[in-house]
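First the proteins, then the strands, lettered A, B, ... as listed; each starts at 1. Basis for what follows: all heavy atoms, side chains included, without hydrogens, waters or symmetry-related copies. This structure is a prediction, so every number in the text was calculated from the model and none was measured.
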Number of protein chains: 2
Amino acid sequence: MVNIESATIQATEEKILSAATLIFRARGKEGARMQDIADEAGINKALLHYYFHSKDLLFEKVFKENSNLFFSKLNQIIQSDTALFDKIDNLCDAYISMSLENPFIPILIIDESNKNPSEFIQKLFSGSNKKPNFNTFKEQIRLEVKAGKIKPTNPEHLIMNILGLCIFPVISRPMMKFTMGLSDREFTLAMEERKKIVPAFIIESIRKK
Amino acid sequence: MVNIESATIQATEEKILSAATLIFRARGKEGARMQDIADEAGINKALLHYYFHSKDLLFEKVFKENSNLFFSKLNQIIQSDTALFDKIDNLCDAYISMSLENPFIPILIIDESNKNPSEFIQKLFSGSNKKPNFNTFKEQIRLEVKAGKIKPTNPEHLIMNILGLCIFPVISRPMMKFTMGLSDREFTLAMEERKKIVPAFIIESIRKK
DNA sequence: GTCTATACTCGGATAGAC
DNA sequence: GTCTATCCGAGTATAGAC
């Protein structure tokens, strides 16, 4: 038997959360309207405040939940015990997939973090959200360089390269589509291609021949 | 002799424009307050409306002016009659420099274009703003492939790679600094390094050996 | 828990004097 | 062209009935 009452609570909270995700994604924090979120969830404004008290808190909740998926996946891959080239492969695949599914997360992170760097980052990594840790990865690169399997490679730049190659095209979707004259379908296909092309591009550049 | 009256007009309009640039950069379109722009310019709200009529129009003006610098420079380099590897060098240098000086331009483009793709892009490239044209560049790549100087290379993906490698780290500055534990000075130095590292990284990957 | 109705605030925009 | 004062809509938040 299901507890009807708490099942209802759960349903409403979930409905709000996914409605809020949708609206914040489409209009940003400032541009989003509580009324729109309420409409999207099929309830009224008062109930939003009943559940989440304020727009600020609702945004924080939605945002932390979503971005955490991102960072925890990243940490998981980057700290795993996998050969370097495979790891790069996994990283690219995961980043491109996640960005495609949730482009608004990197966009909001970039946007909000530039507006209010210290406060934003502090909030983002408070509670259970763990900050990305590149130490294992850096060490792995040093070892591969030492072993003569890859060229001397600066780990920080390599990480920036991976992130830029995977995330940027996805969050720039409208501009990329427009400047290159791609349909929605063609763009998605191009991103699928990139899951192979990007790791190949990176590895071709760093491996010793 | 200077015409005092129009010199004053010019001065005020300029003051407003650079104040608006500053505020829009810091808070985005929705987050920006006309009062803050007025304060920054050392005038009052009424005068803002006297000069630019509405917030929307002021934003459009500021934004188009700034982004045009970006796109015209891009077109200039990409359509120039320069050898491919030199062109990649020039592109990276210009993109990294411009993003460093005006990170808010790519951020706003990404942000606003995702919110309202068709309308935004239409406005962006109305009037004298010219859309980026990659045709020359694509043709150049095809020729180099044919001549056996570079590996078979998809031009669209190469362009995305260049843009991502140059722009992404700069617009993600706060996150990059935080996750890699860099000071402001160290970050700037790293970006200067990238003007050499990125083209080398790209060329190493595509050139035929 | 959910609704309707309403209070309150912020901020963009305008009127009108100088 | 510039100011002060004011309006008014939009949108967040709350009160209170059910």
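Following rounding to the nearest Å, A/I16 (CD1) and C/dG1 (P) show an atom-to-atom distance of 11 Å. C/dA13 atom P lies 10 Å from atom CG of B/L58, rounded to whole Å. If you measure from atom NE2 of A/H53 to atom C1' of D/dA13, you get 9 Å, rounded to the nearest angstrom. For the pair B/F52 CZ and D/dG1 C1', the interatomic distance rounds to 14 Å; values are reported in whole Å. At whole-Å resolution of the value, CE in A/M34 and P in D/dT14 are 10 Å apart. Atom pair A/L48:CG and D/dT14:P shows a separation of 13 Å (rounding to whole Å applied). Rounded to whole Å, the distance from CD on A/E30 to P on D/dT12 is 10 Å. The separation between A/F59 atom CZ and D/dG11 atom P is 18 Å, rounded to whole Å.
Judged by distance alone, with hydrogens and angles left aside, the side-chain atoms of B/K45 form no donor-acceptor pair with the main-chain N or O of B/D36 at under 3.5 Å. A side-chain donor-acceptor contact under 3.5 Å links A/R33 to the backbone of A/E30.
The listed nucleotides are D/dT2, C/dA13, C/dT2; the one nearest the side chain of B/H49 is C/dA13. Which of D/dA13, C/dA13, D/dC3 sits closest to the side chain of B/L47 comes down to D/dC3. When distances are taken from the side chain of A/S54 to each of D/dA13, C/dT2, C/dG12, the shortest belongs to D/dA13.
Here the side chains of A/L74 and A/L91 are in contact, with some heavy-atom distance below 4.5 Å.
Applying a 4.0 Å cut-off to non-hydrogen atoms, the residues of residues 36-46 of chain B that approach DNA chain D are B/I43, B/N44, B/A46, listed by residue number.
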Side-chain donor-acceptor pairs under 3.5 Å in residues 165-176 of chain B, sequence neighbours left out?
from, atom 1, to, atom 2, distance (Å)
B/S172, OG, B/F168, O, 2.9
B/R173, NH2, B/D184, OD2, 3.0
B/R173, NH2, B/T188, OG1, 3.3

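Of the N and O atoms on the side chains of B/N161 and A/R194, at least one donor lies less than 3.5 Å from an acceptor on the other residue. A side-chain N or O of A/S97 and one of A/K195 form a donor-acceptor pair less than 3.5 Å apart.
At D/dT2, one or more side-chain N or O atoms of B/Y51 fall inside 4.0 Å of OP1 or OP2 (strictly under the cut-off). Between B/R33 and C/dC10, a side-chain N or O to OP1/OP2 separation shorter than 4.0 Å is absent. Side-chain N/O atoms of B/T12 include none lying less than 4.0 angstrom from OP1 or OP2 on D/dG1.
Because its NZ or CZ atom is both nearer than 6.0 Å to the ring centre of A/F178 and within 45° of the ring axis, B/K131 counts as a cation-pi partner of that residue.
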